[in-house]
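Structure, as structure tokens:
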Amino acid sequence: MFENDDYSLDSPERSFDESLNIPSAVIDHSSNSFTRCLVRAGKSRLINSIQLCLLVLLIYGSTFYVYSYQFQGASLRMEHLATIALILLSPFLIARASNKELRELWPFLFFGAYILVSIISVLLHSQNYRYSFFEIGLQILTIIAAMFVFLIIDNERKASVFMATILSFGLFEAALGLFGVLYSSLSMNAVMAQETPYTFMVPTGSQNEANVFGSYMLPIAIIAWVLFRTSQKQRNTLILGAVAAFTFFCVLYSYTRAAWIAAIIGLVLVELALRYKLHLRSGRLQKVVAIYICLGIFIMLACFLSVPIKIADDSWYIPDTKQNIVDFFGKGARITDSSDLSINSRIQITETALDKLRVYPFLGPGARAYGDIQTNDTQKGTPAFNYSLLALYNSGIVGFPFYVAFIFFAFKRSYQSIKYSPGPVSIACGVGFVVLMIIYNTSNALLSSYPWLLFGITLRMYHIGKQGQATN
């Protein structure tokens with residue numbers, strides 16, 4: 001009856017429950033009636049529906065910066081409120097999770113150690129406890145959100161739906177961004193995100209900065225590209241090709257140079273994963289569509305650089321399209337230009353931060369202190385622009401190794417998810433998370449919820465792949 005002797009009912013090393021293939025987690029959870037009730041309630045349709053709705057609100061809050069409470073530069077947003085609501089449901093999630101699933105979360109202890117050192121540093125050195133603890137609390141909620149995504153999305157189908165939801169919100173965000181460009185130009189309301197005549201202008205309620213918009217759109221473009229490359233039907237190939245062209249145009253037009261570099265890295269990683277993990281090569285139709293994607297991006301860029309700008313009621317500025325295109329790529333290519341105010345300010349902030357770090361090398365000056373850095377050319381409260389330096393500044397040489405270990409674990413799991421569970425979901429979310437880590441490390445948004453939502457899916461795909469490998 002049994003092909004393997006290890007699963008025989010006569011085996012003295014296995015209990016009767018094990019011979020019936022009852023998971024050990026079920027046996028553990030059934031040890032008392034209270035836990036049994038939690039497991040049953042956690043598996044009910046009502047609780048599952050509430051959890052999925054909160055995940056949608058989490059995506060919405062990460063996509064559109066809906067502020068609920070702002071305090072001295074730190075913002076409690078809808079994504080954080082959704083995470084708090086999920087915390088209230090955490091007993092059901094933990095009760096129904098298996099022991100193996102819970103063990104997958106142990107590397108998050110590295111982040112806990114980093115936060116603990118940051119709290120100690122605040123208590124010793126900070127003069128603004130309220131803001132510092134508020135900022136640290138938001139970071140904790142962000143990482144908890146990734147854990148909840150991992151626990152709620154318990155199969156590949158849910159992961160696919162979750163990824164499709166992120167893609168849908170991203171396309172809606174891109175449409176609002178493009179509408180904002182046209183509306184601002186044609187209505188004398190051109191509030192520019194950067195000091196260039198061809199960057200994104202976005203409407204109120206959407207992303208408030210061109211750099212943030214470009215960074216946000218890159219994983220959306222990666223997801224669209226992976227779906228385009230793995231599509232089998234001709235109709236889907238054409239539709240997804242158009243979506244990929246639209247999203248990559250948004251990345252290009254946002255004028256975010258870090259996103260441009262990360263886009264090249266992301267495309268290389270995607271193609272390597274498709275070729276060596278899925279053994280997938282481009283078909284003739286995909287090659288033709290890819291050429292049209294490049295052509296379509298250039299045409300859209302030329303069109304938006306040619307949009308007239310209303311200066312007065314009867315006065316319009318008609319831009320020089322050819323010169324705008326030359327300036328667009330010319331200025332964007334000069335990444336190391338000494339006249340670039342953005343780069344100069346980052347260098348000055350880094351130098352000032354390192355000088356202050358020498359005073360408190362072990363635990364760092366504290367969370368609020370970095371926001372108080374002021375140089376000759378930057379205002380007080382300038383964003384970090386380098387999250388690794390910010391982590392070192394917040395926790396010193398004692399806590400920084402824990403932060404590095406946690407980030408290393410995140411990168412490792414992204415690679416392992418593609419290795420053990422190769423497929424469109426793992427490749428899109430894994431590479432999307434990696435490129436966001438590259439971009440957001442050059443900003444102060446590395447511990448915003450958005451990249452860690454992708455990491456939650458990546459961690460789940462890794463767990464599914466390991467489970468399938470163990471079963472085989």
Candidate list Val431, Ile438, Leu436, test side chain to side chain contact (heavy atoms under 4.5 Å, CB included), partner Val434, passing option: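 So, applying the side chain to side chain contact (heavy atoms under 4.5 Å, CB included) to Val434 and each of Val431, Ile438, Leu436, only Ile438 qualifies.
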Steps toward side chain to side chain contact (heavy atoms under 4.5 Å, CB included) verdict (Phe150, Tyr462): CA-CA 10 Å; Phe150 168 73; Tyr462 161 75; over 6 Å; no
What's the separation between atom [atom1] in [X] and atom [atom2] in [Y], rounded to the nearest 0.5 Å?
X      : Y      : atom1 : atom2 : result
Leu252 : Met300 : CG    : CE    : 9.5 Å
His463 : Leu151 : NE2   : CG    : 10.0 Å
Leu269 : Ile222 : CG    : CD1   : 8.5 Å
Ile94  : Leu89  : CD1   : CG    : 11.0 Å
Met163 : Leu454 : CE    : CG    : 10.0 Å

Between [X] (side chain only) and [Y] (backbone N and O only), is there a donor and an acceptor less than 3.5 Å apart?
X      : Y      : answer
Ser121 : Val117 : no
Thr247 : Ala244 : yes
Ser421 : Ile464 : no
Ser414 : Ala410 : yes

Gln286: partners by side-chain hydrogen bond (donor to acceptor under 3.5 Å, both in side chains), with sequence neighbours left out: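 Once residues adjacent in sequence are excluded, the partners of Gln286 under the side-chain hydrogen bond (donor to acceptor under 3.5 Å, both in side chains) criterion are Arg229.
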Sequence-distant partners of Lys466, side-chain hydrogen bond (donor to acceptor under 3.5 Å, both in side chains), two or more places apart: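 Partners of Lys466 by the side-chain hydrogen bond (donor to acceptor under 3.5 Å, both in side chains) criterion come out as none, since no residue qualifies.
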Sub-6.0 Å ring centroid separation between Trp452 and Phe108: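 No; Phe108 has its ring centre 6.0 Å or more from that of Trp452.
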Check: Tyr114 ring centre within less than 6.0 Å of Tyr403 ring centre: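 Yes, the ring centres sit under 6.0 Å apart.
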Candidate pair Leu55 and Phe162, rule side chain to side chain contact (heavy atoms under 4.5 Å, CB included), full reasoning: CA-CA 8 Å; Leu55 281 185; Phe162 193 63; 4.0 Å; yes
Set of residues satisfying side chain to side chain contact (heavy atoms under 4.5 Å, CB included) with respect to Ile299, sequence neighbours excluded: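 Scan of Ile299 (side chain to side chain contact (heavy atoms under 4.5 Å, CB included), adjacent residues dropped) gives Leu295, Cys303.
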Parallel, tilted or perpendicular, as decided by the 30° and 60° cut-offs, for the rings of Phe409 and Phe455: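 Judged by the thresholds at 30° and 60°, the geometry between Phe455 and Phe409 is perpendicular.
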Side chain to side chain contact (heavy atoms under 4.5 Å, CB included) assessment of Leu54 paired with Phe148: CA-CA 10 Å; Leu54 290 175; Phe148 283 143; over 6 Å; no
Intermediate values then yes/no, side chain to side chain contact (heavy atoms under 4.5 Å, CB included), Ile427 and Thr230: CA-CA 11 Å; Ile427 293 175; Thr230 56; over 6 Å; no
